[in-house]
Amino acid sequence: MKHSFIEVDPESHFPIQNLPYGVFQPRSGGAPRIGVAIGEYVLDLSVLDDAGYFSQTSIAGKEVFQQPSLNKFMALGRTAWKEVRTIIQQVLSSEEPTLRDNEALRNVALLRQGDIDLLLPVQIGDYTDFYASKNHAENVGTMFRGKENALMPNWTHLPVGYHGRASSIVLSGTDVSRPQGQMKPSDATEPLFGPSLQLDFELELGWFIGPGNKQGEPIAIEQAEDQIFGLVLVNDWSARDIQAWEYQPLGPFLAKNFATSISPWVVPLDALEPFRIEGPLQDPEPLPYLRQHGKCSYDIHLEAYLEAEGINSQRISTSNFRYLYWSMAQQITHHTVGGCNLRPGDLLASGTISGPEKETRGCLLELTWRGTDPIILDNGVERVWLEDGDRLTITGWCQGDGYRIGFGDVTGRITSC
Ligand code: CA
């Protein structure tokens, strides 16, 4: 097993096997630039680049790390990503002296995570949200349309999705203001306007697109994974009362476009390779353009925590990426099959990741069964929807033998509107 000369706790999310990318600014000043997380440190890649560490690679002279976003690096594609990752792992390894024994370089290249501010890692041009968990789609469909119509006839034939809103994607830690909108309670004869009273979270993972494709040139399923630069945790905040009134026939609009939170560290797809597993059996077999064989999913443990003001944070959901019915590659291929172009930095997200058991449900809508089965927090405090002052945090990791490939977390607190 690889070790770094930097000590990393076995439960740390950021061992040498992970090396997620982020955009940061030192608190002491200086322009935003790109680094990777290692234990409790950040390795400043712009410093390594200036010191010539990447001079023999395809990124030489391109200044991809002296940037306020990862877009330029992401656009270069998998070969460049692999070259860079190999060098960073080598530089940080316990056997390699060039950084380990160079105190002057260490002092400028390694910063404590407490001495930096993380920024949104990507300039996100377009955001697409899917609906790829069968358990989630069945549960929501049952609540909104009854058990007989739970899954729409198209659901097992194509990855259902909608075009989301990139402008309101915020970094973890940003407060989320309760949205206002129209809603029509079941006992009301006319719609009302006001603050949403059914504010929810959605536990999701998202992935950033690398080079992308030209308009009119779809991405074949065999090439789709090469487009995935890396993954982040996503909380796709949702206003269920607004959603229930507005969603037909074109899907959610204001119910979901007010805010989406993402975690700051982008975990490279290559770091997840040891945790590749088979996804759920797909029956009926998808059409040929969506057919994929072998291990198309990943074993990523996911948790959601709710913290009400003055009450201890409590785990309310334990899910896993493996529950997703449609794979990331299938979602990418379907997205582009009609000719739509994806661009570097586009974000695609999975939709709420729910499993078969009650505790694996990935949103309050399902966990409280549309408000009829409250969650009991400490001191007997009940929750069916998010209230002002509540904090929702999602975390996740792959558990290796003595190490974790972690995603850090995505957190946000609800404020009144
Ligand atoms: Ca969603």
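Given the structure is predicted, the values throughout are model-derived calculations rather than measurements. Whatever order the structure lists ligands and atoms in, that order sets their numbers, starting from 1.
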In total, how many protein N/O/S atoms does one find closer than 3.0 Å to the Ca ion (ligand 1)?
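Those protein atoms number 4 in total.
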
Which heavy atom of Gln331 sits nearest to which heavy atom of Ala349, and what is that distance?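 Answer, listing the atom of Gln331 first, then Ala349: OE1-O, 3.9 Å.
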
Test side-chain hydrogen bond (donor to acceptor under 3.5 Å, both in side chains) applied to Lys184 - qualifying residues, sequence neighbours left out
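side-chain hydrogen bond (donor to acceptor under 3.5 Å, both in side chains) check on Lys184 returns nothing, list empty.
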
* Asked: Are Leu324 and Ser133 close enough that some pair of their side-chain heavy atoms sits under 4.5 Å apart?
  ->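 The answer is yes; the side chains approach within 4.5 Å.
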
Report task. Mind telling me whether Phe321 and Tyr298 have parallel, tilted or perpendicular rings, with 30° and 60° as the class edges? Result ->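 Judged by the thresholds at 30° and 60°, the geometry between Tyr298 and Phe321 is tilted.
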
### Query
Are any of the side-chain nitrogens in Arg27 or Asp115 under 4.0 Å away from the carboxylate oxygens of its partner?
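Looking at Asp115 together with Arg27, the answer is no, because their closest N to O distance does not fall below 4.0 Å.
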
### Message
Could you tell me if Arg240 sits above the aromatic ring of Tyr247, with its cationic atom closer than 6.0 Å to the ring centre and no more than 45 degrees from the axis?
### Response
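Verdict for Tyr247: no cation-pi partner in Arg240.
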
